[in-house]
Number of protein chains: 2
Amino acid sequence: MLNSEQQQIAHFNKKLLNTKSRCQKCAVNSLCLPSGLNDDELAELESVITSSKITNKNQTVFTLGEAFTSLFVVHSGMFKTTVVDESGKERIISFHLPGEIMGLDGIHSNVYQSTSTALAMSSFCKIPYNGLLDIAEDYPVIQRNLLKVMSKEIFNCKKNHLDLGSKAKLALFIKNISRRFKARGYSDEEFFLPISQRDIASYLGMAEETLSRIFKKLQKQEVVKYSKHILTILDKSELSEIIEH
Amino acid sequence: MLNSEQQQIAHFNKKLLNTKSRCQKCAVNSLCLPSGLNDDELAELESVITSSKITNKNQTVFTLGEAFTSLFVVHSGMFKTTVVDESGKERIISFHLPGEIMGLDGIHSNVYQSTSTALAMSSFCKIPYNGLLDIAEDYPVIQRNLLKVMSKEIFNCKKNHLDLGSKAKLALFIKNISRRFKARGYSDEEFFLPISQRDIASYLGMAEETLSRIFKKLQKQEVVKYSKHILTILDKSELSEIIEH
DNA sequence: CGGCTGTTTGATGAGTGTCAACGAATGTGG
DNA sequence: CCACATTCGTTGACACTCATCAAACAGCCG
């Protein structure tokens with residue numbers, strides 16, 4: 001594992017490890033279910049969070065086909081969720097940053113519809129779904145937050161359904177990730193991304209080789225740079241240009 | 001307007017028009033929010049539905065940017081929802097059949113994120129969101145149903161994010177639509193689809209011409225036929241083959 | 001050191017978008 | 001009811017993007 005990666009993970013994790021009053025002290029609570037809750041509601045929410053756990057790279061949080069019991073929230077690090085498509089290939093359907101909820105697709109069928117895997121040493125919180133529903137009855141704001149999160153997920157997902165060229169797809173992905181890093185207090189121009197190019201290619205639905213060539217082109221044009229998992233955005237406006245065609 | 005279309009619309013609509021006890025008598029209540037509700041809960045749900053309305057072709061239900069107030073459920077007919085992508089072009093993000101909920105993407109921002117338009121003479125029910133939340137507090141099963149619907153939406157959306165060739169994309173779309181018609185009591189092998197090829201192409205993210213050529217190829221191979229808005233599936237297993245590659 | 005895994009590079013061909021033009025079907029106004 | 005305009009679907013030619021195959025390379029690990 002690279003030094004830069006270890007540094008970054010240490011950075012991600014240094015605020016954690018205190019399992020009491022998880023949410024109150026969590027760096028990303030404003031982006032997560034606790035958003036807008038008062039102390040009383042927050043305490044109630046914390047009471048249903050049964051555990052926070054640290055995982056190593058490549059460990060799974062839940063697996064496609066497993067019985068659905070809980071939602072999971074990224075606390076630190078990063079995760080990918082994958083499905084198996086009709087022709088049997090694994091496909092990445094999303095990447096999850098701190099504060100983002102995983103497992104939502106299991107609600108409707110009581111079975112996880114995807115597999116979540118840590119991309120680096122990471123940590124997450126486990127929220128038993130039935131417990132969450134119980135407190136949601138007493139605290140409408142928690143219910144509303146959950147619905148908002150899901151609504152946002154639907155919206156983002158539909159918008160990404162766009163048909164763009166490979167270059168624009170990558171540009172959009174980078175802008176999207178950049179925005180999410182910024183929302184979490186990191187630089188939106190340079191950040192550590194523990195995602196392999198293969199995984200980015202899978203997520204964007206293109207061949208690994210194509211992605212490599214596009215990265216090279218963008219680097220030559222001094223738009224972005226991706227080396228040793230450090231993504232650097234050199235020309236933000238050009239990035240937007242590419243997307244708009 | 002064609003005879004076949006008018007017939008079909010009449011067929012869709014003939015059960016409606018009684019605005020009392022809407023849900024109890026609705027043909028698609030088992031696919032909709034009322035699913036699994038007892039009489040008491042159903043009455044409560046019906047009490048928040050402020051209106052059922054019939055629209056002509058091309059009329060909009062809500063518009064991108066408008067303040068979000070209500071969810072809408074298709075009662076009969078069909079609707080499309082559209083967004084404007086980064087380069088300014090209109091893109092269709094979904095088609096809605098009876099029992100399906102529209103407007104979910106407005107929840108998180110209090111603004112509709114898409115525009116919904118009737119594809120034929122259609123009818124829909126309006127469910128004020130605040131009213132729905134109020135009764136969801138008293139009737140947890142309603143809350144759970146809403147969450148399930150949204151979860152399903154997320155799942156379907158992510159799965160569709162697949163990267164397939166144009167032929168497979170169309171095959172998948174047809175299978176998907178067919179399944180939804182079947183769930184509503186119609187034949188899954190021949191049905192009226194008030195969607196223009198242009199709209200299908202936009203939804204699938206391909207050129208109109210490409211879609212036309214693929215339809216022709218599939219017709220020559222006697223897999224499916226699409227003429228005068230009547231879609232006929234001739235070889236269901238071949239359709240699945242195409243998807244699996 | 002050799003064996004991994006992840007990334008790069010080149011050559012090639014299939015699939016698709018684009019442009020242009022036309023035909024068919026539909027809607028409109030007199 | 002007919003002439004016209006408009007939308008919708010079809011067809012052909014062409015260029016270009018991108019997936020695929022094959023091979024080599026770089027960094028990392030034991």
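Residue numbers begin at 1 in each chain, while the letters A, B, ... track the order of the sequences.
One interatomic measurement links the two molecules: NZ of Lys169(B) to P of dT16(C), which rounds to 8 Å at whole-angstrom precision. Regarding Leu170(A), its CG atom lies at a distance of 15 Å from the C1' atom of dT7(C), rounded to whole Å. dC8(D) atom P lies 12 Å from atom CG of Leu119(B), rounded to whole Å. To the nearest angstrom, C1' of dG15(C) lies 16 Å from CG of Leu204(B). Atom CG of Leu211(B) is separated from atom P of dG15(C) by 17 Å (rounded to the nearest Å). Rounded to whole Å, the distance from CD on Gln197(B) to P on dA24(C) is 16 Å. With rounding to whole Å, Glu208(B) atom CD is found 17 Å from dA24(C) atom P. Rounded to an integer number of Å, the gap from Leu164(B) CG to dC18(D) P is 17 Å.
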Dump the pairs, protein N or O against N or O of nucleotides 18-22 of chain C, anything under 3.5 Å, distances to one decimal.
| from | atom 1 | to | atom 2 | distance (Å) |
| --- | --- | --- | --- | --- |
| dT18(C) | O4 | Arg213(B) | NH2 | 3.2 |
| dC19(C) | N4 | Glu209(B) | OE2 | 3.2 |

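Counting only N and O atoms by type, the side chains of Ser76(B) and Ser123(B) include a donor and acceptor under 3.5 Å apart. Donor-acceptor pairing under 3.5 Å is lacking for the side chains of Glu244(B) and Ser240(B). A donor-acceptor contact under 3.5 angstrom links the side chains of Ser237(A) and Asp235(A), judged on distance only.
Using a 4.0 Å cutoff on non-hydrogen atoms, the parts of residues 215-225 of chain A near DNA chain C are Lys216(A), ordered by number.
Here Arg184(B) pairs with Glu100(B) in a salt bridge; the nearest charged N to carboxylate O distance falls below 4.0 Å.
Taking the six-membered ring where the residue is Trp, the centroids of Phe72(A) and Phe62(A) are separated by under 6.0 Å. In summary, the aromatic rings of Phe191(B) and Tyr186(B) are positioned with their centroids too far apart to meet the 6.0 Å limit.
Checking dT10(D), dT9(C), dT16(C) against the side-chain heavy atoms of Ser212(A) singles out dT9(C) as nearest.
Distance check for Cys157(A) and Cys157(B): the SG atoms are under the 2.5 Å cut-off.
Projected onto DNA chain D by closest heavy-atom contact, Arg198(B) and Met206(A) fall at different nucleotides, the more 5' of which corresponds to Arg198(B).
The two atoms that bring Val84(A) and Lys159(B) nearest to each other are O-NZ, 3.6 Å, heavy atoms only.
Taking the six-membered ring for Trp and thresholds of 30 and 60 degrees, Phe173(A) and Tyr203(A) have ring planes inclined between 30 and 60 degrees apart.
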